[in-house]
Amino acid sequence: MAGAELVLRGGRVVDPETGLDAIADVAIAAGRIAEIGTGLPPALDEADATGLVVTAGFVDLHSHVNDLAGLRLQALDGVTTALELEAGASPVQAAYRAVAAEGRPVNYGFAASWAQARMAEVAGFPADGDVASILRRLGDPAWQRPAGPAQLTALLSRVERDLADGALGIGVLLGYAPDVDPEEYVRVAGLAAEAGVPTFTHARDLIEMRPSAAVDGAQEIVRAAGQTGAHMHYCHVNSTSQRHIDRVLGLVGRAQAAGSRISTEAYPYGSGMTAIGAAFLAPERLGERGLVPASLTYAPTGERVASEARLRELRQADPGGLAIIELLDEDDPADRRLLMRSLTFPGAVVASDAMPLTWTVAGDPLAWPPPATAITHPRTAGTFSRALRLLTRGEEALSLAEALAKCSLEPARLLEDSVPAMRRKGRIRPGADADVVVFDPATVADRATYADSTRPSAGIRHVLVNGTFVVRDSAIVPDARPGRPVRAEPR
Ligand SMILES: [Zn+2]
């Protein structure tokens, strides 16, 4: 073999699909893995991987990050593909165009956005395909109103157009519009079933939280799968289920056993992060989740919300401002076990729900590293390393290949029926995309914390996207923008 551009030399190559786990060289050419073997000939560039694991880069199905600093933190956590599937974007073409114009270090893609289509048709907000616009309007009651028949038809046709344009499925921020007619959700799932793509749902409130709700959030997802045959992906089971994780996963597991296509994801943190104006963070509704104002930390000032009055004030003044919300207690062993069950559930994938940085003091968004005044949720920087640490070195002790499958192979498989490009991701074998992470399995760990949220993970040595280094020797390669779009091919 001649002409390899790069050889990763002498690492432990782990491919969860084939079971390969052996010391070998990996040769890369033209953005793909060209060859895996021992004693491969020298290439133009070489990187020593002795003592390190060489495997497929992580595929994040749930990233809201649209800024360079946030994407770099994700790359430093081993992520090579970061997809916006829960919020999505509409028109999806506008989202792809905007990203293509600026370039990204990692691969990207979008689902159609039910919320943004609804914001346009029910509230009259301009649909610009920008995820930041969704976040800004999330708490606005105007888009959460019941849709009239003509509005419903119009919003569904926006979603259909996005699917025809290659959207990776339909993102449904249902939990942010808690009084939407359950029939509308079934119609959305029906569209997904017709197009052969998944839906990605932020579940409605659980019946334990809101006994007056029209429907239980978990049952609704399961029922839509049964009624329409759509593949329903249940976003961040950990955060929307809180201490009802066992009930929710029990329900999902029974429906899966009965033949429904339902998949789940989780991130390994007890706190969530969302817009402070979200419906379920209204002062009068905090009690449903066992929360008080002080369970919220408002990111732009770093303050713990002192009172109901202050919460009202912040929701009024800055409804799109991000807040960290304590949902499970990471210091409580029972809560920690719940969190781990959401990760170890069969087929559950690791997905970050990564958030863009909030710049509490204006600064250069291209500066690296970001200043300490730019903050986010630690899940942005640490989800995958933390999951590997907890799954392979904690009480769970999954095999390394099992843990890696949850980060790369299984998320790729989850999409590949409708996204042919995903068949070349999540694997390390000849012909696969050269999206590769090289890390130290003994030391890989998250370092970001709630107080210091942008500390990059430890133990990640090299990250390649389409054969180009975006992280080399644990440092960001400043100008690398090798990310490519990932699109679906709908039926
Ligand atoms: Zn969500």
Side-chain angles (χ1 to χ4, degrees), residues 60-66 70 74 82-90 110-116 118-119 131-140 143-144 168-178 180 185 188 198-206 209-210 217-218 220-221 224 232-242 244-245 248 252 262-281 285 288-289 291 296 299 319-328 339 342-343 348-356 376-380 383 411 414:
D60 189 359
L61 300 183
H62 194 146
S63 171
H64 302 301
V65 172
N66 53 10
Q74 289 216 266
L83 305 177
E84 166 57 270
L85 301 181
E86 183 214 35
S90 186
F110 302 87
S113 177
W114 166 79
Q116 199 155 34
R118 206 170 202 287
M119 286 176 179
V131 180
S133 307
I134 303 178
L135 210 60
R136 213 164 35 240
R137 308 274 204 183
L138 208 51
D140 193 325
W143 77 274
Q144 303 168 24
L168 300 172
I170 308 174
V172 194
L173 289 170
L174 191 60
Y176 291 91
V180 157
Y185 183 60
V188 171
T199 63
F200 304 88
T201 303
H202 180 123
R204 236 190 266 247
D205 306 294
L206 298 181
M209 300 168 182
R210 211 177 179 215
E220 181 171 33
I221 292 174
M232 306 299 287
H233 180 76
Y234 200 137
C235 292
H236 48 45
V237 162
N238 56 298
S239 65
T240 42
S241 308
Q242 270 181 296
H244 310 291
I245 285 172
V248 168
V252 168
I262 305 167
S263 50
T264 66
E265 61 166 63
Y267 60 83
Y269 293 88
S271 292
M273 186 183 225
T274 195
I276 199 162
F280 54 83
L281 297 179
R285 293 197 50 198
E288 295 169 5
R289 285 172 169 71
L291 306 177
L296 276 59
L322 293 173
I324 287 176
I325 307 132
E326 284 176 17
L327 297 165
L328 291 174
L339 204 49
S342 69
L343 284 170
V349 304
V350 176
S352 71
D353 202 357
M355 296 304 261
T376 180
H377 187 294
R379 69 194 183 198
T380 304
T383 287
L414 201 145

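All values reported here derive from a predicted model rather than from experimental measurement. Quick note: residue numbers are just sequence positions, from 1. When a ligand or atom number is given, it counts from 1 through the structure's own listing order.
Residue side and main chain included, His62 places no N/O/S atom under 2.8 Å of the Zn ion (ligand 1). For residue His236, an N/O/S atom approaches the Zn ion (ligand 1) to within less than 2.8 Å. Inclusion of Asp353 in the first shell of the Zn ion (ligand 1) is not supported: no N, O or S atom falls under 2.8 Å.
Taking the Zn ion (ligand 1) as reference, the nearest N/O/S atom within His202 carries the name ND1. Checked against the Zn ion (ligand 1), the N, O or S atom of Glu86 at the shortest distance is OE2.
Counting heavy atoms from C-beta on, the side chains of Leu281 and Thr274 come closer than 4.5 Å.
Note on ring orientation: taking the six-membered ring where Trp is involved, the planes of His202 and His236 are perpendicular (angle over 60°, cut-offs 30° and 60°).
Judged purely by atom type and a 3.5 angstrom limit, Thr264 has no side-chain atom pairing as donor or acceptor with the backbone of Val349.
Cation-pi contact between Arg379 and Tyr269: absent, since separation from the ring centre below 6.0 Å together with deviation from the ring axis within 45° is not met.
Test Leu173, Val172, Val180 against Arg118 for side-chain contact (heavy atoms from CB on, under 4.5 Å) and you get one pass: Val180.
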